[in-house]
Amino acid sequence: PAGVDTGSRLRVRGEGNAGRRGGEPGDIYVFISVKDHPELRRDGVNIHSDVSISYIDAILGSTTQVLTVDGPVDLKIPAGTQPDTTLLMAKRGVPRLGNSSIRGDHLVHVNVVIPQRPSRQELDL
């Protein structure tokens, strides 16, 4: 089910071994282990990810595509974004187990890439 996490236990009724002396079958308990995603990090119902942008995009603002649990989404980077800023995408996290209408948030950590060697054109500015 949506929102399940490592360590969760699911009970499947009536799918276990046959009961004694022809009795009803028992239940199966399934213990969940969720694989880590290479780009997304989970913290309860919240998701964290990183995005790198150029210093020009940080100064002027831009739009970049961010991978979420629902697929790629365009994220607006506001003008004047500082290095190590965290942008919030509300209700883009994991659904809460047992109540999928409540979702966590997706926090995007912005890494501003500053060139080590500016180009001739950049130096002329």
Side-chain angles (χ1 to χ4, degrees):
V4 73
D5 198 3
T6 297
S8 296
R9 180 181 71 172
L10 299 177
R11 181 172 77 180
V12 183
R13 294 179 189 233
E15 295 295 328
N17 289 334
R20 294 182 189 214
R21 298 183 187 173
E24 294 182 15
D27 299 337
I28 286 182
Y29 288 90
V30 180
F31 294 90
I32 305 295
S33 177
V34 179
K35 286 185 178 181
D36 290 334
H37 191 277
E39 295 178 38
L40 304 176
R41 297 178 306 281
R42 184 172 179 175
D43 179 21
V45 293
N46 294 326
I47 296 293
H48 296 262
S49 65
D50 300 313
V51 66
S52 294
I53 61 171
S54 71
Y55 71 98
I56 300 293
D57 289 339
I59 294 168
L60 301 176
S62 69
T63 301
T64 188
Q65 205 168 64
V66 175
L67 181 63
T68 70
V69 294
D70 298 319
V73 172
D74 286 336
L75 174 66
K76 184 176 185 279
I77 307 291
T81 296
Q82 298 297 308
D84 299 322
T85 297
T86 300
L87 300 176
L88 175 74
M89 296 190 328
K91 309 250 187 284
R92 290 283 186 173
V94 177
R96 187 174 304 276
L97 185 61
N99 188 354
S100 60
S101 63
I102 298 174
R103 295 185 71 146
D105 299 325
H106 187 129
L107 292 94
V108 180
H109 305 279
V110 179
N111 177 31
V112 179
V113 178
I114 300 170
Q116 291 185 1
R117 295 181 186 217
S119 68
R120 172 61 71 193
Q121 183 182 14
E122 291 169 331
L123 290 172
D124 291 341
L125 291 176

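This structure is a prediction, so every number in the text was calculated from the model and none was measured.
Residue Val94 is found in a hydrophobic cluster whose other members, listed by chain and number, are Leu40, Ile47, Val69; membership requires side-chain heavy atoms under 4.5 Å apart, directly or through intermediates. Grouped with Ile102 in a hydrophobic cluster is no other residue, since no side-chain heavy-atom contact under 4.5 Å to another Ile, Leu, Val, Met, Phe, Trp or Tyr is found. Summarising the hydrophobic clusters (Ile, Leu, Val, Met, Phe, Trp, Tyr; side-chain heavy atoms under 4.5 Å, direct or chained), the residues clustered with Leu67 are none.
The closest donor-acceptor contact from the side chain of Asn46 to the backbone of Asp105 lies under 3.5 Å.
Between Gly16 and Pro25, the shortest heavy-atom distance links the atoms O-CB, 3.7 Å. For the residue pair Tyr55 and Val112, the shortest heavy atom distance occurs at CA-CG1, 3.6 Å. Contact between Val113 and Ser52 at its shortest, heavy atoms only, is CG2-CB, 3.9 Å. The heavy-atom pair separating Gly93 from Arg103 by the smallest distance is O-NH2, 2.7 Å.
Counting non-hydrogen atoms of neighbouring residues, nucleotides and ligands closer than 6.0 angstrom, the CD atom of Gln121 reaches no more than 12 such neighbours. For Asp70, the CG atom counts as densely surrounded, since its 6.0 Å shell holds more than 12 non-hydrogen atoms of other residues, nucleotides or ligands. Few gaps surround CZ on Arg42; more than 12 heavy atoms of other groups in view lie less than 6.0 Å from it.
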Donor-acceptor contacts, no H, no angles, side chain residues 73-84, under 3.5 Å, sequence neighbours left out:
from	atom 1	to	atom 2	distance (Å)
Thr81	OG1	Pro78	O	2.5
Gln82	NE2	Gly80	O	3.2

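By the rule that hydrophobic residues join a cluster once side-chain heavy atoms approach within less than 4.5 Å of another member, Ile28 and Phe31 end up as members of separate clusters. Follow the hydrophobic side-chain contacts under 4.5 Å out from Tyr29 and you never reach Ile32; the two are in separate clusters. In the hydrophobic clustering of this structure, Val51 groups with Met89; members are Ile, Leu, Val, Met, Phe, Trp, Tyr whose side-chain heavy atoms approach within less than 4.5 Å, directly or through other members.
Applying the side-chain hydrogen bond (donor to acceptor under 3.5 Å, both in side chains) criterion to Thr63, with sequence neighbours excluded, gives no partner residue. Residues satisfying the side-chain hydrogen bond (donor to acceptor under 3.5 Å, both in side chains) criterion with Thr6, sequence neighbours excluded, are absent altogether. With sequence neighbours excluded, no residue satisfies salt bridge (charged side-chain N to carboxylate O under 4.0 Å, His left out) with Arg92. For Arg11, the salt bridge (charged side-chain N to carboxylate O under 4.0 Å, His left out) partners at least two apart in sequence or on another chain are Asp27. For the side-chain hydrogen bond (donor to acceptor under 3.5 Å, both in side chains) test, residues two or more places apart in sequence or in another chain that qualify with Arg41 are Asp50. Under the rule for a side-chain hydrogen bond (donor to acceptor under 3.5 Å, both in side chains), His37 has no partner lying at least two apart in sequence or in another chain.
Among residue pairs with one or both ends in residues 28-38, none qualify as salt bridge (Lys or Arg N to Asp or Glu O under 4.0 Å); sequence neighbours excluded. For residues 55-68, there are no salt bridge (Lys or Arg N to Asp or Glu O under 4.0 Å) pairs, not counting sequence neighbours.
The residue from Val108, Thr86, Leu107 that alone fulfils the side chain to side chain contact (heavy atoms under 4.5 Å, CB included) condition with His48 is Leu107.
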side-chain contact (heavy atoms from CB on, under 4.5 Å) between Leu97 and Asp5, intermediate numbers included: CA-CA 9 Å; Leu97 185 61; Asp5 198 3; over 6 Å; no
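Residues Pro1 and Leu10 have side chains in contact (heavy-atom distance under 4.5 Å, counting atoms from C-beta outward).
Between Leu87 atom CG and His109 atom NE2 the span is 10.0 Å, to the nearest 0.5 Å.
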